[in-house]
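Below is one structure, written out as C-alpha cells; the observations come after it.
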There are 2 protein chains.
Amino acid sequence: MVKLSKKADYGLIAVRHLSQGETGKPSSAKEIARAHGMPVELLAKVLQKLVKQGLLVSHHGAEGGYALAREASSMTAFDVIRAIEGPIFITSCVTVRGECEQAPHCTVREPLSRVNEVLAQALSSVRISDLGGGLPPLVQLEATK
Amino acid sequence: MVKLSKKADYGLIAVRHLSQGETGKPSSAKEIARAHGMPVELLAKVLQKLVKQGLLVSHHGAEGGYALAREASSMTAFDVIRAIEGPIFITSCVTVRGECEQAPHCTVREPLSRVNEVLAQALSSVRISDLGGGLPPLVQLEATK
DNA sequence: ACCATATACGACTATTTTAGTCGGATATAG
DNA sequence: CTATATCCGACTAAAATAGTCGTATATGGT
Ligand code: SF4
Ligand code: SF4
C-alpha cells in the first residue's frame, strides 16, 4: 500500500500542535501525546528525530519541552515526513541489499519517478501553518486528569 | 515509507510486458516471470487478481496465458495498482480494526487527503502504453534455456 | 543540595504487512 | 491421455512498523 507511517502521522500532528501554542512556551512530549492519545515514548522518539533534523528545538529539564525551530509558514509537510522517514521513493528500486536486480533494464522506473516528483511537490505545497483550522482537540483533555 | 509494494511493481511490469507482444497471443505467467526474474507463483497470483478485476483476460490450458482485456492506451498505472492493492489512502485513518481513534478531531487528515487526490491523479496520468520505450529486456532470456 | 520533570538514546519485544512457497483442483490444446 | 496452464487457499519466511523499557543527562524550582 501507499501510505504514511504512524510515526509520520504523529510527527505532523505534533508539529501542528506546536504551531498553535504561544511561540515562546515549549510543550513537553507528554503533553502533546496526551492531547492526541498517542504513546508517549514513541512520540518522544519522533520529536527527537525532528530536533536532530533541525525542525524543532528542545529544552531539557522541568518546564522544558519542544518548540518549532522556525516559522510554521516556512515548514512543509514534506519537510516533516522526510525528516522522519528519510528520503521518499515510491519505487523500491534501491533497498538495503543493493539494487533491484532488474534496475538496469526496468521499464516502469522512469515513469514512476515522475509520479514521485509530483507527490513530493504535493507534500511540499502543504505548509504547517495551513494544517487544520481550529484549536487542538479538546475532547481528550480530560484524560489528562 | 511511502512506496509501492513489490506486487504492484510486478503487476505494472507484467502488464507492460503484455502490452508489447502481439495482441492475439497470450503470455503465460511463467514466461513473463522468467523474462523479468520474478517468482512465478507470486506473479501468478498478481495476474489472477488483475483478471478478477477485469484488467486482463486469461486462457487456460496449453498455449494459454494472459492478455490485456482492453487497449494499453486506456489502462493506467492507477488502475493496475488499485486492482492489486485495493483503494489507496496515504493516511491510515481507517484500518482493519475500525478507525483511528482520533479521526473525528484530527487536523491533518483533510490536507493530506488533498495530497492523496494529487497522487491518484498523477498515477492516473500514466498510461500503460506510455511505459518504457524499448522491447522487453533481453538480458535474461537465455535463462529460459 | 535535592528533587521533580524533561530530553536523549539504545536495545528490546510485539504486531502487522509483505514476500514468497506449496499442494492440489480445474480447464484445454494437441 | 498428457503436458501445460490458470486458479485458489493455506502456509511459512522475512521485513517493516509500532510500541516498550531502562538508563543517562540536563535543568528549573524549592
Ligand atoms: S522493478 Fe524497476 S521500478 Fe521496481 S524496483 Fe526494480 S527497478 Fe525499481
Ligand atoms: S491521525 Fe488523523 S490522519 Fe492520521 S490516521 Fe488518525 S485520523 Fe487519519
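In what follows, chains carry the letters A, B, and so on, assigned in the order in which the sequence lines appear, proteins first and then strands, with residues in each chain numbered from 1.
Not a single donor-acceptor contact under 3.5 angstrom links the side-chain atoms of K3(A) to the base of dT17(C).
Screening R16(B), H36(B), H17(B), Q20(B) against T107(A) for a side-chain hydrogen bond (donor to acceptor under 3.5 Å, both in side chains) leaves a single residue, R16(B).
Criterion: ILVMFWY side-chain heavy atoms under 4.5 Å apart, direct or through other members. Under it, V51(B) and L68(B) are part of a common hydrophobic cluster.
Rounding to whole angstrom units, CG of residue L47(B) and P of dT4(D) are separated by 19 Å. A straight line from CG of L42(A) to C1' of dC12(C) spans 14 Å, rounded to a whole angstrom. Distance CG (L43(B)) to C1' (dC22(C)): 17 Å, rounded to an integer number of Å. Taking atom CD1 of I88(B) as the reference point, atom C1' of dT17(C) lies 16 Å away to the nearest angstrom. The interatomic distance linking I84(B) (CD1) with dA19(C) (C1') rounds to 14 Å, in whole Å. Rounded to whole angstrom, the span from the NZ atom of K30(A) across to the P atom of dA4(C) amounts to 12 Å. Here dA16(D) presents its P atom at 11 Å from NZ of K6(B), a figure rounded to the nearest Å. K52(A) places its NZ atom 10 Å from the C1' atom of dG10(C), with the value rounded to the nearest Å.
Nearest to the side-chain atoms of K7(A) among the listed nucleotides dA5(D), dA19(C), dA18(D) stands dA18(D). Distance from the side chain of Q48(B) is smallest to dC8(D) among dG19(D), dC8(D), dT21(C). In the set dA19(C), dT20(D), dT21(C), the nucleotide with an atom closest to the side chain of P39(B) is dT21(C).
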Exercise for the section: Please test N116(A) against S113(A) for side-chain hydrogen bond (donor to acceptor under 3.5 Å, both in side chains), starting from the C-alpha separation and ending with a verdict. Expected result: CA-CA 5 Å; N116(A) 205 71; S113(A) 88; over 6 Å; no
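At the phosphate of dA16(D), neither OP1 nor OP2 sits under 4.0 Å from any side-chain N or O atom of S5(A).
Within the 4.5 Å cutoff, side-chain heavy atoms of P39(A) are placed close to those of Y10(A).
Between K6(A) and D9(A) there is no salt bridge, since none of the side-chain N atoms of the basic residue sits less than 4.0 Å from a carboxylate O of the acidic one. Salt-bridge check for E110(A) with R114(A): passed, with a basic side-chain N closer than 4.0 Å to an acidic carboxylate O.
Taking CG of L12(A) as the start and CG of L4(A) as the end, the distance is 6.5 Å to the nearest 0.5 Å.
Residue K49(A) is classed as having no contact, given no heavy-atom separation below 4.0 Å to the nucleic acid. A29(A) comes within 4.0 angstrom of sugar-phosphate atoms only, judged by non-hydrogen atoms across all strands, and of no base.
Nearer the 5' end of DNA chain D, as judged by each residue's closest nucleotide, is the contact made by S28(B), out of S28(B) and K45(B).
For residues 56-70 of chain B, proximity to DNA chain C is found at H59(B), H60(B), G61(B), A62(B), defined as any non-hydrogen atom under 4.0 angstrom from a strand atom.
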